[in-house]
Protein chains: 2
Amino acid sequence: MSLGAEDWVEAANEALASGGVDAVRVEPLAEGLGVTKGSFYWHFADRGALLDAVLTSWERRATAAIIELVDARHETPRARLKGLLDVTQMPAAGARIEHAIRVWGARDAAIQRRLAKIDVTRERYVRELLVASGLEKTLAETRARILYLVLIGEFTWVSHGGAASNAAFREELFTLVTAKR
Amino acid sequence: MSLGAEDWVEAANEALASGGVDAVRVEPLAEGLGVTKGSFYWHFADRGALLDAVLTSWERRATAAIIELVDARHETPRARLKGLLDVTQMPAAGARIEHAIRVWGARDAAIQRRLAKIDVTRERYVRELLVASGLEKTLAETRARILYLVLIGEFTWVSHGGAASNAAFREELFTLVTAKR
DNA sequence: ACCTGAACACCGTTCAAGT
DNA sequence: ACCTGAACACCGTTCAAGT
C-alpha cells in the first residue's frame, strides 16, 4: 500500500500536537510511516509545504467549523455564547495543536498573519453575540476581548497539563461578560 | 576577552524570546559570541544544562520579582491588583519568553512541573488579594482563575504580535473581577 | 582557565535509479 | 505513480591539543 499526502499531514498533526513545529521532522515521520525519507519529496516540495498543509487544515477546523457547530446547536445569542465556552472543553490534543501553532506564529511572520485573521474572526463572532444579547457596542468590544483572552489562556493552560475549567467557572465567566451595566 | 557562563545564558535568552527553545542552538550562539562551538562545553555539560540555567533565571524574574515589585509599589489589595494588571504591559520580549517557556512545557514533563509551581504561586497571590479586598473565598477562587487566564491569554496574544490591552480594558477587567455579589 | 579543530551522529534535501 | 539509496549540508557532542 502506497501513501498519499493526507497520510503525511495526519502524521504531522500528531507530531505537532505532542512536540511543537520542530517535532514535525521528515525522517522520523518517514520511519513512523514505514518508508524512507526520500519518498516524502514525491508528495511535498519540502518540509515547509507539509507545514503549510497542516496549517491550512487547522484553519478550517479552528474557525468556521467551530462557529458553524455552535450556531447549529444553539438558537439564542446567550445560548450560543454558553455553547462557545463549552468548546474550550475540547480534547487536549486540539488545545495542544492550537497552542503549538501560536508559538509557531511567534517566530514566523507569515503564520502570524494567518493567525491574526482567525483571531479577528473569532473575536468578531463573540462581539456580535454580545451585541445581539443586548450589550452596548463599546462595552461588547471590551467584554469580547476579555472572554477571548480567557479562551486563549485556557488553551495555553490545558496544553501544559492544567485542569480544564469546570462548570462553575464557565457559569461565572458567562455572568460577568454578559452583565448589563 | 574570554566568556563566562552568564554570556551564554544571556545569548540563549535572546534566542529563546525570538525563536523558541529550538532556536537555542549551540553553534549559532557560538558564532554570535565569536568563539567556536567546542568552547561551549567548557561552561556547560550540554545544551540541556544551558536551557536549565535559562529557566532558573526566568523563574526568579517571573514570580518573586513581580510580586515583590507590586507589593512594594502599592499598599492596598485593590491597588495591588491594579498594579498587577499593569505588569502585563511589560515589554514584548518578556511576554515572548514566557510564551516560549509555556510551549516548551507542553512537551517536557520536567518543565511542566516547574511551570505549574509558578502558576500556583501567582494564582494564589491573586486569590489572596481578592479575599483581602472583601470577596468571599469560593468566589475569589473563581475570579482569580478568570483573571489569571486573561493574563496568560494576553501573554500569548502579545507574543504573536497582538496589541497590548489598553487602560479601558484593564479598568473593565478590574471592575468585573472585584465586583461584589 | 578557556579555547580550537577535527571527528562523528542526526536529519533536511536532492536526485538518479528502481518497480 | 510512488519509492529507494546514496550523497551532501547543518548542528550537537566529544576530546585531544593548544595558550
Side-chain angles (χ1 to χ4, degrees), chain A residues 1-58 97 100-101 103-111, chain B residues 1-58 97 100-101 103-111:
Chain A
M1 271 302 295
S2 56
L3 302 171
E6 334 80 61
D7 300 297
W8 288 94
V9 171
E10 196 187 321
N13 263 315
E14 280 160 31
L16 179 63
S18 61
V21 215
D22 298 291
V24 181
R25 294 210 183 97
V26 177
E27 192 168 66
L29 250 38
E31 193 178 2
L33 291 168
V35 292
T36 63
K37 56 184 175 172
S39 81
F40 168 81
Y41 293 89
W42 172 260
H43 303 282
F44 298 90
D46 54 19
R47 184 173 167 271
L50 173 63
L51 290 175
D52 190 76
V54 165
L55 190 64
T56 303
S57 82
W58 174 77
I97 283 192
I101 289 175
V103 181
W104 184 9
R107 71 178 154 183
D108 184 320
I111 305 302
Chain B
M1 270 303 295
S2 57
L3 303 170
E6 334 80 62
D7 300 298
W8 288 94
V9 171
E10 195 187 322
N13 263 317
E14 278 159 31
L16 179 64
S18 61
V21 214
D22 297 292
V24 181
R25 294 211 183 95
V26 177
E27 191 168 65
L29 249 38
E31 193 177 0
L33 291 168
V35 291
T36 64
K37 55 185 174 170
S39 81
F40 168 81
Y41 293 89
W42 171 260
H43 302 282
F44 297 91
D46 53 21
R47 184 173 167 271
L50 173 63
L51 290 175
D52 190 76
V54 165
L55 190 64
T56 302
S57 83
W58 174 76
I97 284 192
I101 289 176
V103 181
W104 183 12
R107 73 178 153 182
D108 184 321
I111 306 303

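FYI, side chains are in, hydrogens and waters are out, and symmetry mates aren't considered; it's all heavy atoms of this structure. Reminder, nothing fancy here: chain letters follow the sequence lines and each chain counts from 1.
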**Request:** Specify the closest pair of heavy atoms between A:W8 and A:H43, including all atoms of both residues, with the distance to one decimal.
**Result:** NE1-CD2, 3.3 Å
**Request:** Ignoring backbone atoms, test whether A:H43 places a side-chain nitrogen or oxygen under 4.0 Å from the OP1 or OP2 oxygen of D:dC3.
**Result:** yes
**Message:** Could you check whether any side-chain heavy atom of B:L16 comes within less than 4.5 Å of a side-chain heavy atom of B:W58, counting everything from C-beta outward?
**Reply:** no
**Asked** For B:D7, which residues count as a side-chain contact (heavy atoms from CB on, under 4.5 Å) partner, sequence neighbours excluded?
**Response** B:L3
**Complete:** Heavy-atom closest pair (A:V21 atom, A:A100 atom, distance to 0.1 Å) is CG2-O, 4.3 Å
**Item:** Full working for side-chain contact (heavy atoms from CB on, under 4.5 Å) between A:V26 and A:D46
**Value:** CA-CA 9 Å; A:V26 177; A:D46 54 19; over 6 Å; no
**Item:** Between C:dG12 (P) and A:W42 (CH2): distance, integer Å
**Value:** 21 Å
Give each protein N/O atom lying under 3.5 Å from an N/O atom of nucleotides 14-19 of chain C, with the pair distance.
none

**Prompt:** Is C:dA17 paired to anything, Watson-Crick or G-U wobble with both distances less than 3.5 Å, and if yes, which nucleotide?
**Reply:** none
**Prompt:** Can you tell me the Watson-Crick or wobble partner of D:dC3, both distances under 3.5 angstrom?
**Reply:** none
**Message:** Please give me every residue in residues 12-36 of chain A whose heavy atoms get under 4.0 Å of an atom in DNA chain D, ordered by residue number.
**Reply:** A:V35, A:T36
**Prompt:** Rounded to whole angstrom units, what separation is found between the CH2 atom of A:W8 and the C1' atom of D:dC3?
**Reply:** 10 Å
**Item:** Check against side-chain contact (heavy atoms from CB on, under 4.5 Å), A:V54 and A:V24
**Value:** CA-CA 10 Å; A:V54 165; A:V24 181; 5.7 Å; no
**Message:** What's the separation between atom CD1 in B:I97 and atom CG in B:N13, rounded to the nearest 0.5 Å?
**Reply:** 4.5 Å
**Request:** Evaluate the side-chain proximity of A:F44 to A:D52: yes if any heavy-atom separation is below 4.5 Å, no if none is.
**Result:** no
**Request:** Scan every strand shown for a Watson-Crick or G-U wobble partner of D:dC11, both distances under 3.5 Å, and answer none if you come up empty.
**Result:** none
